[in-house]
A.B. asks: 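Submitted below is the structure of interest, expressed as C-alpha cells.
Numbers restart at 1 for each chain; the letters A, B, ... are given by sequence-line order, proteins then strands.
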Amino acid sequence: MKLIKAVIKPFKLEEVKEALSEIGIEGMTVAEVKGFGRQKGHTEIYRGSEYTVDFLPKVMVEIVVPDDIVSKTVEAVVKASKTGKIGDGKIFVLPIEEAIRIRTEERGESAV
Amino acid sequence: MKLIKAVIKPFKLEEVKEALSEIGIEGMTVAEVKGFGRQKGHTEIYRGSEYTVDFLPKVMVEIVVPDDIVSKTVEAVVKASKTGKIGDGKIFVLPIEEAIRIRTEERGESAV
Amino acid sequence: MKLIKAVIKPFKLEEVKEALSEIGIEGMTVAEVKGFGRQKGHTEIYRGSEYTVDFLPKVMVEIVVPDDIVSKTVEAVVKASKTGKIGDGKIFVLPIEEAIRIRTEERGESAV
Amino acid sequence: MLLGFVLASAVPHAVSGEEEEEAAAMSASTEAALAPAALAVEEGIDYADEYYEMVAAHGDHAFAFNFFVTSMLWTVIAAALVFLMHLGFATLEIGLTRQKNAVNVLTKNVFIISIGIFTYFLIGFNTHYPLGDWIIPNVLGIGGPLGEDAATFGNGGVGLAMSEYGDFIFQAMFAATAATIVSGAVAERIKLGSFFIFTIILVALAYPIVGSWHWGEGWLYQLDTSFYDFAGSTVVHGFGGFAALGAVLILGPRAGKYLSGGKLRPIPGHNLPLAGIGVFLLWFGWFGFNGGSVLSAEPADLGLVFSTTAVSASSGALGAIFFSWILLKKPDVTMALNGVLAGLVGITAGADAVSIMVALFIGLVAGLLVVLSILFFDKIKIDDPVGAISVHGVVGIYGTVVIAFFNPDISFVSQLIGAVAVCAVAFVIAVVLCLILKATIGLRVTPEEEEEGLDLAEHGQEAYPDFAKSSG
Amino acid sequence: MLLGFVLASAVPHAVSGEEEEEAAAMSASTEAALAPAALAVEEGIDYADEYYEMVAAHGDHAFAFNFFVTSMLWTVIAAALVFLMHLGFATLEIGLTRQKNAVNVLTKNVFIISIGIFTYFLIGFNTHYPLGDWIIPNVLGIGGPLGEDAATFGNGGVGLAMSEYGDFIFQAMFAATAATIVSGAVAERIKLGSFFIFTIILVALAYPIVGSWHWGEGWLYQLDTSFYDFAGSTVVHGFGGFAALGAVLILGPRAGKYLSGGKLRPIPGHNLPLAGIGVFLLWFGWFGFNGGSVLSAEPADLGLVFSTTAVSASSGALGAIFFSWILLKKPDVTMALNGVLAGLVGITAGADAVSIMVALFIGLVAGLLVVLSILFFDKIKIDDPVGAISVHGVVGIYGTVVIAFFNPDISFVSQLIGAVAVCAVAFVIAVVLCLILKATIGLRVTPEEEEEGLDLAEHGQEAYPDFAKSSG
Amino acid sequence: MLLGFVLASAVPHAVSGEEEEEAAAMSASTEAALAPAALAVEEGIDYADEYYEMVAAHGDHAFAFNFFVTSMLWTVIAAALVFLMHLGFATLEIGLTRQKNAVNVLTKNVFIISIGIFTYFLIGFNTHYPLGDWIIPNVLGIGGPLGEDAATFGNGGVGLAMSEYGDFIFQAMFAATAATIVSGAVAERIKLGSFFIFTIILVALAYPIVGSWHWGEGWLYQLDTSFYDFAGSTVVHGFGGFAALGAVLILGPRAGKYLSGGKLRPIPGHNLPLAGIGVFLLWFGWFGFNGGSVLSAEPADLGLVFSTTAVSASSGALGAIFFSWILLKKPDVTMALNGVLAGLVGITAGADAVSIMVALFIGLVAGLLVVLSILFFDKIKIDDPVGAISVHGVVGIYGTVVIAFFNPDISFVSQLIGAVAVCAVAFVIAVVLCLILKATIGLRVTPEEEEEGLDLAEHGQEAYPDFAKSSG
Ligand SMILES: Nc1ncnc2c1ncn2[C@@H]1O[C@H](COP(=O)(O)OP(=O)(O)O)[C@@H](O)[C@H]1O
Ligand SMILES: Nc1ncnc2c1ncn2[C@@H]1O[C@H](COP(=O)(O)OP(=O)(O)O)[C@@H](O)[C@H]1O
Ligand SMILES: Nc1ncnc2c1ncn2[C@@H]1O[C@H](COP(=O)(O)OP(=O)(O)O)[C@@H](O)[C@H]1O
C-alpha cells in the first residue's frame, strides 16, 4: 500500500474528489495547508504599507491505495488538478506498512 | 521507528490522548482534517436549496513511536476511538528513518 | 528523496522559511497543527473554572528533498527553529518513493 | 375656539383627497416655504397656523398636549431601544456558546422577539393590563387583541403619557425578554420545536398573567404597601431567570461539562467579542428599558433614571472585574460582561427610587454577587451557558429587595413577597411545561445531535462555512 | 412682546462675544444654578426667562413652536436610525457572502452611504423635491446644492414639521438605500470601480428623479387618486430591488452556483450571525424609516406606525420560519431573516394606513411570498446572494398594491401604475447603465479574480488574516 | 393657579401611598381611559388635567417648560448615543488588532467606559465644571461627587436646557473617550494593570481638569476671543490623540512591526468587518456627540449640526478612499474607515459654526490628511494599531484651527493657543504617567507574553476557541 500525498489548488478539490470516485477510490483525507514554492506569493497592502504573503492556500489530499492502483490514482489526480499554470502542486508517494480500519479492526488492503 | 497516522472522529480526540498517555506515550501532533469515505456526508440546506457536504470533520493524530510499541499504540488508539459506527476512521503505519528533537538535537528513539 | 516533517513553534516559521530559502530549497508545505508533548499545555479560566489546554499551537512544515541534501536541510531547520526551551519540536524523516510535479508531470528529483 | 382633538381619530389615518390638495397647494408656494420663519410668524402663513390649530385645539390643555407629544415620542424611541436589547441577547448568547450551535441560537432569538410581539398584540397586552376585567380578581385576566382605537391622548395622566399604541409597543418589547433569558440558559441542547412551544406559552400567557399582578394592578399592587418594581427587576428579570432555572433543572447540563469525579470542564463560548457586543447593546437598550419606564418624558425622573442606570452598570462591571481578578487570579472578561448586566438588573427595580450614590453601591454588590452566583450554580451542576439564572434571577431578586433599605416608602416585606411569589411561580410554570414537553415530543436533542451541533442536526446549516474549525 | 423667531437666523450660529459674557455671568452664579427650580420659577430667574423669551417670541404660535421642536428632534433621531440601517445592510451582505469578499463588500457599503449623503447634498435633495421647478413638468427637475438658509421653522405644516436641514438629513439617509439594495444582489463579482460609477448615477440622479414623481409631487402624485407610498415600499425598495434585477441580468450569476445539468450549488454566506446582526439592525433602523416618515411627532400616527411596523416584521418572520420549515423540512435561518425584512418592506407603503391586524396579515403573506420568490429566482438562475430582488423588489410591489384592498382611500389602479412605473424605470436604468459599463471599463472581475476573491484581487487585503480558512 | 414646579423635588421620587391610590382609581375607570381623547378634552377628565396642572404650574414659563422637557429628552438620548460610541471604539480596536489580543482589548474597553462613568460621578463632573470654584483660578478646580439635587429645571438657559442629571450623564459619556482613544494606540502590548491605572488618572483627573479650561469656563474660555470648540475636536479628541502619542512614545512599537533595515511589516487587524461595524457605530453615535452638544433641542442648530456632521463624515470617507486608491494603487478599506472618523473629528469643533458646504470641504481635507498622517507616523516608527494619533490628534487640531478661516467670529490665534495647549499638556501628562508606570510596576508585557498574545498571558482566555488559527 502507498500513501499518496497530493498538494493541489483549493478550487480543484471537488474535481479531484470526483476523479478519484470515478476510478473507484472511496476514501481520502484532506487538510488545509499553505504552500511555498515557485509560484510566488502576492502583495498585500495594509494601512499604506505593502508586504508580501509568501504562503498561498493549498489543499493536501492524502489517499492510501493498494500498490496496484497507485499509478492510476496519480494519473487521476494529475488530470483533475492540472491547470498548466505555476503552482499546480505536487504529488508524493510514500510507503505504508500497515492500515487498520478502526471500526472493524480489519487490516491491510481491505481496510482502505 | 514508525509514524502512526490515525484519522479519527473529532470528539474522540480526548479519549485517544488519554489512552496514549496511559501507555506512556508523551508526544503527538494533531491536525484538523476533513474525511471522505464510506460514511456519507450530510445534506445541508441554504436558502431553499439542498446540497451534500461530502467531507466530514475528522482529526488526524500523528504519533512517532519506537518499533516495539507500534502494535500497543495501534491497539490503544483503536480501543479509544472505536464507536463501531461507520466513519470511525483509519490508522496507517509508515516507516520513519530518522527523528530529531530540535531543542537538544538528540536523534533516534530518544528524540521522540 | 525524503519527506522531512518538522513540527516547530509557530513564530519560528518565518525564520525556517528563510533558512531553507538560503540553502536553495524552493518549496515546502505548511500546516497548522496542535502539539502534545513534554511542554505542558497552559491553564485557562472560563467563568471561574480553570481547565488545562493540553494542545499547543504548532506548525508542521513538510519539505521533500533529494537524499543528498537531507542532512543540510535538517540542520537548517534545527538552527532556525531552536530556542532551547522545551517544546521546540521534532523533525522526522520519511522515505519518499516518487514525486510528481502536477503542472509538468515531471517525476523524481526534478519535480521537487 | 375648541376644535376637538384631531389625533383622536383613532382609525388609521388614510390619505384623503382634500388634505392632499391642500398640501400640494402649500408646498407649491415655494417662496413661502423657504422664507425665514420669523417672517412666517409675522405674516401668519398657513403652515405655522396649521400647527397652531392642531395644538390650540386642545384649548386649556394645549400645554399638556405638547408634553404628551414629547412623552409619546420618548415611549416609541424607548421601545426601539428595548427592541435592540434583543439583538444584545442574541449576540451575547451566540458569543457564549459554541460555533456549532450558532445558527440555532440565532433562529431562537429571531423567533422569540417575533412571537413575543405577535402574541402580545393578539392576547398579551390585554392580559397584562386587564384594567379591572379579571377572571379571578387580581390574579387572572385574559384579554383579546389590542383595540383599533388605541391612538388616544392621555392614557393615565403624567404617569403614563402615551397613547395605547405607545403603551403596547413599549410593553411588547419587554414581553419577549422572559423567553430570551431562558433561551440563554437552555442553549446548545434544547430541541427547537419544544423551545418554540415553551416560548409561546411563556410569552403569550405566563408572563402577562404574572405581570398583571403588579403592573396590571393585581394583588401585588394591592398589598398594603404596594410591591415596588420600577422597570422589572422581578417581574421581567426575576421571572425570566427563575423560569430558566426550572427549565435547566429538567433539561440537565450540556454533555461534557460535568465529568465523572465531580470535575468540571468549562465549555468556552466561541466568540467573546460578539458576547461583548451583546453586553454593550444591552446596556444601550437598557436606557430605553429603564428610561422608558418613566412612562413619560418627565425630566426629573428621566435624568435620575439614566444616571442611576449608567452608574450601577459601571460599578457592576468594576465589582466583577476586580472581584474575579482577586478570586480567580485573572480578570475574566466574561465575568466583567456579566457584571455589567448584574449592575443593570440590580438597579432596574429602583432606578427612580434611589440616589446615584446608592445606585453605585447597588451595582457594586450586584457585580460581586453575580460572580459568586455563577460559581455556585456551576458547583451544584446547574449548567447555564450565559449565566442567565444568576444575572437575571438571583440579581433580580436582590435588586428588588435591596431598595427597601434605601427608600422608606418601600416595604421590605412587600418586596420579599413580590420577588418570591413571581420567581416561584415562574419556576413552577417552567418545570411543569418542560416535564410535559419531555413526556410528549421530547425536550432535548439526542446525544449525537448535541455532539454534532444543533446547526447541522436541526437546521442543516453551518454558521461559518468558510472557516476551519478547531477541536482541541 | 414679539421678538421674532430667533431660529430664523439661518446663517450658522457663531459665538458672539456678548452672548458668552452673559453665559459666563449666569453660570458663575453657582447657587442660583443649583437652586431648586420651583424657586427659580417663583423668583423668575434669568435662565427660566430665557426659554420663555425664545418660545414666547412666537406669540400665538408658541404652542406650535414647541410641537415643531419635538418634531424636528424626532426627524433627526429618525435620520440617525435610518443611517444605522446602512450598517444593517453592510453586515447582512457581508454575512451572506464569502469571507474572501468581505473587504470588498465593506468598502462598497462605506462608499454607498458616503456618496449618497454627499451627492444628495449637492444635487439630490433639490432634484427629489423640485418644489414646482420642473424641467419636464412633473417628470424631471434637476436641482443644485441645498441652500444655506435651511433652518426655517415650518416647512409644510403638521405634515412636515421640520426645518429643511431636517428634511435634507432624513431624506439623505434614504437616498443611499437604493444602491445598497443593488449592492447585495451584485456582490462577489462586480468590479469595484464600475460599481462606484453605477452607484453615483443611481443615487445622485436616478433615485431622486424617479422619487420626485411621488414625493416631489410629480405625475404619480398628480394621478386622480394619488399614488400612495407612505415610506417607500415602491419608491425606495421596489426601485432598489428592480435596479438590482436589471444589474444581475447583465452581470450573470456567480461562478460555480449553477452547474451543468441544471443543478444548483448554493454558495453559503460565511457568517450567519453577522447576517443576523444585520437584520436586527435593519429592523431597529426601520422604526426611524417608517416612524420618521410621519414627518412630525404627531403621536397618533407615531404609535400606529411603530405598531404596524413591528407586528408586520414579526409575522413576516413567523411566516417565513414556518413556511420554510414545512416546505424545506428544515427551519432555514436565512429565510427567517429574509422574512423579517419582507414584513418590513411589505408594511412600508401603508404603515400609517392600515390597522395592526391588517399589518399582521400583510407581514405574514410577505413572509410566505419572499420564500417563494427566492426559490423562484434561484430556479430561473437569477443569482442574488442576499435575496434583495425578492425582499425589496417583489415584496415592495406587493406591499404597495395590497393596501388598496384595506384602505378605501387608496386606489388599486394608482398603486399598480405607480409600482410598475417606478420598478420598470429602475430596471431599465440599471440595464442600460450596466450595458454601458460592460462595453467600456468592464462590469465584472475576471474568473481568476472571482475565484481568488475580490479582497485579494481588488484590495490586496484579507478580512480575517488570523483565521485558517476552509475550502471543503 | 401657580402650583410650583413639581419636578423640583430633587429627592428621588419615591412611591407615595396616595399617589398610587389615585393612579389605581384612574386606570380602573376603563372606559374613560379608552375613550377617544377628543371626548377626554371636552369632558375635562382627570388624566388630561394632570398634565395640565404639571405644565401649568410653571405659569408664564409653561412654554419654556415644554421646551425644556424636549431638550432634556434629547440630552439623555444623545448620552445613550455617545455611550454606543464606546462599542464602536471597542469593535474598531478589536477588529484592527490580532485575534490573540481580542479578549484583552474587550476587557480594556468594558473597563474604560465603566471607570469613566464611575469616576465622573465621584469627582470628574464637578472638576470639569467648577462653576467658579477654582483652586488655581481658571486652571484647576477639584470637585466632589455630583449632588443629590440635580433634577433642577433650567441649568443655564437655552444654551443648556437640561437638568444637572442630564448634563452629568451626557458629559460622563464623553469623559471615557480620552482613554478609549489611547487604548487603541497602545493595544497589543500594554500591561492590563498599568493601563487601568493610566486610565483612571487620565479620566478622573487629567481630562476634567484640562476640559475645565474651556467648557468649565477656565482660561481658554477667558481669552479675548474665546477659544471655540463646539463638541470637542480639541478638548476630547486632540486631548486623547496626543495622550496616545505620549504613551506610544514611551511604550514603543509592537514586536515584529519594524524590521531591521528600516523595513516595515504591517500587522493586519484580524477582523475588518468588525472594524467596519465599529466605524458605523461611531458615526451613528457621533450624531449624539455633536447633536447633543447643541445642549438643547433648538431646531435650527440641531438640523445644521446633523447635516454638517453627516456631510463631513461622507466627504472624509470619499477623500480617504480615492486618495488611498491613487496613492497606494489599491482602495485600502482601513483608510476608508479612518477617513470617516477623520471627517467626524474634523467637523466636531465647528459643527454649528460652518455651512454644509464648508463641512464638505473640511471633511474632504480631513480624509486626505489622515491618510498622510498615518503613513507619516508609520514612517517615523510610531506604532499606532488603529490610527488614533492621526484620527483624533492630528485631525483634531486641524478641525479646531481650520474653522477660523470660515467663521469671522472665531480667532485663529485663540484656536491655535487652545489646540496646542491642550494637546501639549495631554502629551506631557501621558509621558510622565507612562514613565512612572514603567519605573514601578512596568508598562509593557514581556516579549513572550506579547508573542503568545495577551489573551492567554494576562487573561488565560481565548477569544475564539472554536476556530482554527492561521500563522502565515
Ligand atoms: N519541495 C517541496 N516539498 C513540499 N512541498 C512542496 C515542495 N515544493 C513545492 N511544494 C508544494 O507544492 C506547491 C506548488 O509548488 P510551486 O513550486 O509553487 O509550483 P509547481 O508545482 O507548479 O512547480 C507549493 O505551494 C508547495 O505547497
Ligand atoms: N483510502 C483512504 N485514504 C486516506 N484516508 C482515508 C481512506 N479511506 C478512509 N479514509 C479516512 O477515514 C475516514 C473514515 O472512513 P470511512 O470509509 O468513512 O469509514 P470507516 O473508517 O468506518 O470505514 C474518512 O473520512 C477519511 O478521512
Ligand atoms: N512522539 C511524537 N510524535 C509526534 N509528534 C510529537 C511527538 N513528540 C512530540 N511531538 C511534537 O513535538 C512537539 C514538541 O514536543 P515536546 O515534547 O513538547 O518538546 P520537545 O520537542 O522540546 O521535546 C509536540 O508539541 C508535538 O507536536
Side-chain angles (χ1 to χ4, degrees), chain E residues 7 12-16 20 23-24 26-28 30 33 36-38 40-41 47-48 50-52 54-56 62 66 68-70 72-73 76 79-80 83-84 87 90 94 102-103 106-107 110-111 114-115 117-118 121 146 148 151 163 165-166 168-169 459-461 463-468, chain F residues 4-5 8 10 58 60-61 63-64 66-68 70 74 98-99 131-132 152-159 217 226 228 268 270-273 276 280 284 287 291 297 299-304 306-307 310-311 314-315 317-318 321 330-331 333 336 352-356 407 409 467-470:
Chain E
L7 295 177
H13 289 222
V15 273
S16 86
E20 279 184 0
M26 232 150 44
S27 43
T30 315
V41 171
Y47 48 81
E50 222 187 275
Y51 302 139
Y52 174 71
M54 185 183 79
V55 183
N66 271 334
F68 178 78
V69 168
T70 306
M72 175 66 187
L73 176 60
V76 295
F83 168 79
L84 204 60
L87 175 56
I94 295 174
V103 166
L106 178 59
T107 307
V110 171
F111 178 78
S114 300
I115 199 77
I117 295 171
F118 190 91
F121 165 62
L146 178 73
E148 302 250 323
S163 75
Y165 282 137
F168 159 67
I169 196 70
H459 303 262
Q461 298 195 309
Y464 312 99
D466 288 6
F467 291 97
Chain F
F5 179 29
H58 302 292
D60 283 354
H61 294 85
F63 297 113
N66 272 333
F67 178 77
F68 178 79
T70 305
W74 171 227
R98 284 162 293 177
Q99 51 86 5
L131 293 176
T152 49
F153 164 30
N155 229 341
V158 175
E217 303 182 352
S226 252
Y228 193 70
H270 83 283
N271 194 333
L272 297 191
F280 271 94
F284 178 66
F287 288 120
D301 269 6
L302 216 53
L304 177 63
F306 266 72
S307 300
V311 168
S314 298
S315 59
L318 297 175
I321 289 174
K330 303 252 176 176
V333 77
D352 71 332
V354 299
S355 69
I356 307 187
N407 189 313
D409 294 316
F467 290 98
K469 309 308 182 313
S470 174

A.B. asks: Would you indicate whether the side-chain heavy atoms of F:Phe284 and E:Leu87 approach each other to under 4.5 Å?
C.D. replies: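 Counting from C-beta outward, E:Leu87 and F:Phe284 never come under 4.5 Å.
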A.B. asks: With the side chain counted from C-beta on, respond yes when F:Leu302 and E:Leu73 share a heavy-atom pair under 4.5 Å apart, and no when they do not.
C.D. replies: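 Result yes, sub-4.5 Å side-chain heavy-atom pair found.
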A.B. asks: Find the distance between OG (F:Ser314) and CZ (E:Phe118) and round it off to the nearest 0.5 Å.
C.D. replies: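 Going from the OG atom of F:Ser314 to the CZ atom of E:Phe118 covers 8.5 Å.
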A.B. asks: I'd like to know which of F:Ala336, F:Ser315, F:Ala468 tops the heavy-atom pair count under 4.5 Å against chain E.
C.D. replies: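 The candidate making the most pairs under 4.5 Å is F:Ala468.
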A.B. asks: Highest number of heavy-atom pairs under 4.5 Å with chain F: which of E:Thr70, E:Val76, E:Val110, E:Ile169?
C.D. replies: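 Greatest number of close heavy-atom pairs with chain F: E:Val76.
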A.B. asks: Checking E:Phe121 against chain F: side chain, backbone, both or neither under 4.5 Å from a heavy atom?
C.D. replies: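 Just the side chain, heavy atoms under 4.5 Å.
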A.B. asks: Examine distances only and state if a side-chain atom of E:Glu148 and a backbone atom of F:Ser355 form a donor-acceptor pair shorter than 3.5 Å.
C.D. replies: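 Here the side-chain-to-backbone pair does not exist.
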A.B. asks: Do the non-hydrogen side-chain atoms of E:Phe168 and F:Phe306 ever get within less than 4.5 Å of each other?
C.D. replies: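 In short, these two side chains do not touch, never coming nearer than 4.5 Å.
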A.B. asks: So, taking the atom named CG in E:Asp466 and the one named CD in F:Gln99, what distance separates them when rounded to the nearest 0.5 Å?
C.D. replies: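 These two atoms lie 5.0 Å from each other.
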A.B. asks: Below 4.5 Å, heavy-atom pairs only: which of F:Ala297, F:Ala310, F:Pro331 has the largest tally toward chain E?
C.D. replies: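 Of F:Ala297, F:Ala310, F:Pro331, F:Pro331 has the most heavy-atom pairs under 4.5 Å with chain E.
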A.B. asks: Counting only heavy atoms closer than 4.5 Å, note whether F:Ile356 contacts chain E via side chain, backbone, both or neither.
C.D. replies: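 Both backbone and side chain.
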A.B. asks: Non-hydrogen atoms of chain F under 4.5 Å away: do they reach the side chain of E:Ala463, the backbone, both or neither?
C.D. replies: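 Both parts, backbone and side chain.
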A.B. asks: Taking all non-hydrogen atoms of both residues into account, name the closest pair between F:Pro273 and E:Leu106 and its distance.
C.D. replies: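 Result for this residue pair: CA-CD2, 4.2 Å.
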A.B. asks: Side chain, backbone, both or neither: which part of E:Tyr464 has a heavy atom under 4.5 Å from chain F?
C.D. replies: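 For E:Tyr464, backbone and side chain are both near chain F.
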